[in-house]
A.B. asks: 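I'd like to ask you about the structure that follows.
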Amino acid sequence: MSAVIIDGQAIADEMRNAIAQDAARFKEQFGYAPGLGVVLVGENPASAQYVRMKRRACEAAGMNSVGHLLPADATQDDVEAAVRALNDDPTIHGILVQLPMPPQIDEARVLSLVSLEKDVDGFHPINIGSLAMKGRDPLFTPATPTGCMVLLERMGAKLEGANAVVIGRSNIVGMPVALMLMKANATVTMCHSRTRDIAEIVRRADVVVAAIGKANYVKGDWLKPGAFVVDVGTNKIDDPAAKNGYRYVGDVDFEAAKEVAGAITKVPGGVGPMTITMLMHNTIKAAWRIAQKITL
Ligand code: GUN
C-alpha cells in the first residue's frame, strides 16, 4: 500500500488566496486593512524566522503587521506594555505572542493579558478553557492544531469514533489538538516521553498526530495499515549531501510510513504552511468581528 501524500503547501496556498480576497473586501468596506500585532522577545533564530514568515504571509495577503521586537533581557513590564499597546491599538485585530518566552517572563500572565477578541493564537486561558469544555466553543483555536484538523479533513479521515493517538503533550500543539480531536468525537490517547509501549498504542490508531519533536521517531511498522498520519515535527538533521549541510525531517519516518499509511503529510510542506494560514484565517475573522462590533 502506498499512502496518499498530502501537500499542505498547496492547500495553504488555496486558502491564502481566499483570505487575500476576504482582506480586500474588508479594506473596501472599512477603508483600512486587517492588522496583526506580533510580540517577539529575544533572538531565538527559529522564533525569529517563524515571526518573519507569519508577518510576510499576512502582508502578502493584504494585511498590515506591526512588530514589537524586544531584547532577550526584556522585563515582564516591557512585554506587558507591548501587549497592552496592541490591545489598545484600533488598527490591530489580532495579537500573536511568539512562544516560548525567555525564562524571566511569566508566560501565563502575558497570555492572559491579550484581549480576548484579538486572541488569534487561541492561547488565552478562556479560549483554551472553552476548547476543553463540552458545549462551549472558543472564539479562536490555536493555529497548528487547527491546521492539523484541516489536513485530516482534506485526507477524508472520519473522526467520529476513530482511535486517535497524539504523540507529544505541548501546550502549543499536543494538548490543544487532543482537545480538538475529542470535540470531533474521536477516542483520544495522548502519548508522551514517559509513555510505555508507545508502538503498541500507535498500532491501534486510525489517526496519528506526531508532535514530539524527535526526528523520524514514529516507525513505519508502528502504524496500522491505512492510518491517517499528520506529522507536525520540523527537525533539523545533518545531511552532508544537502547544499547547506542539513535538512528538515518530521517526527515520522516518512519513507517507511508512506508504505503503510492511508494518507500522510510531508515535511517540509505539510503542517508548517497550514499553521501560518490558520493564523491569517483567525486574524481576518477577528477583524470582521471587531469592525462589525460583534460583542462577546
Ligand atoms: N511557537 C511555536 N509555534 C507557535 C505558535 O503557533 N504560536 C505561538 N504564539 N508561538 C509558537
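In this text, all values refer to a predicted model and were calculated from it rather than measured experimentally. Just follow the structure's listing: the first ligand is 1, and inside any ligand the first atom is 1. For this chain, numbers begin at 1 and follow the sequence in order.
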A.B. asks: Considering only the protein, which heavy-atom contact is closest to atom 3 (N) of ligand 1, and what is its distance?
C.D. replies: Ile172 CG2, 3.7 Å

A.B. asks: Below 4.0 angstrom, N of the basic side chain to O of the carboxylate: do Arg25 and Glu28 qualify?
C.D. replies: no

A.B. asks: Flag the pair Phe26 / Tyr32 as yes when their ring centroid distance falls below 6.0 Å, and as no otherwise.
C.D. replies: yes

A.B. asks: Output the distance between atom CZ (Arg169) and atom CE (Met190), rounded to the nearest 0.5 Å.
C.D. replies: 8.0 Å

A.B. asks: Relative to each other, are the rings of Tyr248 and Tyr246 parallel, tilted or perpendicular (30° and 60° limits)?
C.D. replies: perpendicular

A.B. asks: Report, in ascending order of atom number, the atoms of ligand 1 lying under 4.0 Å from any heavy atom of Val97.
C.D. replies: 8 (C), 9 (N)

A.B. asks: Looking just at side-chain N and O atoms, do Asp78 and Thr75 make a donor-acceptor pair shorter than 3.5 Å?
C.D. replies: yes

A.B. asks: What protein heavy atom is closest to atom 11 (C) of ligand 1, reported as residue, atom name and distance in Å?
C.D. replies: Gln98 NE2, 3.4 Å

A.B. asks: With atoms numbered from 1 as shown, which atoms in ligand 1 lie under 4.0 angstrom from a non-hydrogen atom of Leu96?
C.D. replies: 9 (N)

A.B. asks: Against heavy atoms of Asp121, which atoms of ligand 1 measure under 4.0 Å?
C.D. replies: 7 (N), 8 (C), 9 (N)

A.B. asks: Is Thr275 in polar range of ligand 1, meaning some N or O pair under 3.5 Å apart?
C.D. replies: no

A.B. asks: Please state which protein non-hydrogen atom is closest to atom 5 (C) of ligand 1 and give its distance, to 0.1 Å?
C.D. replies: Lys54 NZ, 3.8 Å

A.B. asks: Let me see the working for Glu59 and Arg56 under salt bridge (charged side-chain N to carboxylate O under 4.0 Å, His left out), right down to the final yes or no.
C.D. replies: CA-CA 5 Å; Glu59 285 162 11; Arg56 264 195 220 130; over 6 Å; no

A.B. asks: Distance alone, cut at 3.5 Å: any donor-acceptor contact between the side chains of Gln21 and Asn17?
C.D. replies: no

A.B. asks: Hey, is Leu279 touching ligand 1 through its side chain, its backbone, both or neither, going by heavy atoms under 4.0 Å?
C.D. replies: neither

A.B. asks: Identify, for atom 1 (N) of ligand 1, the protein heavy atom at the shortest distance, and state residue, atom and that distance.
C.D. replies: Leu99 O, 2.9 Å

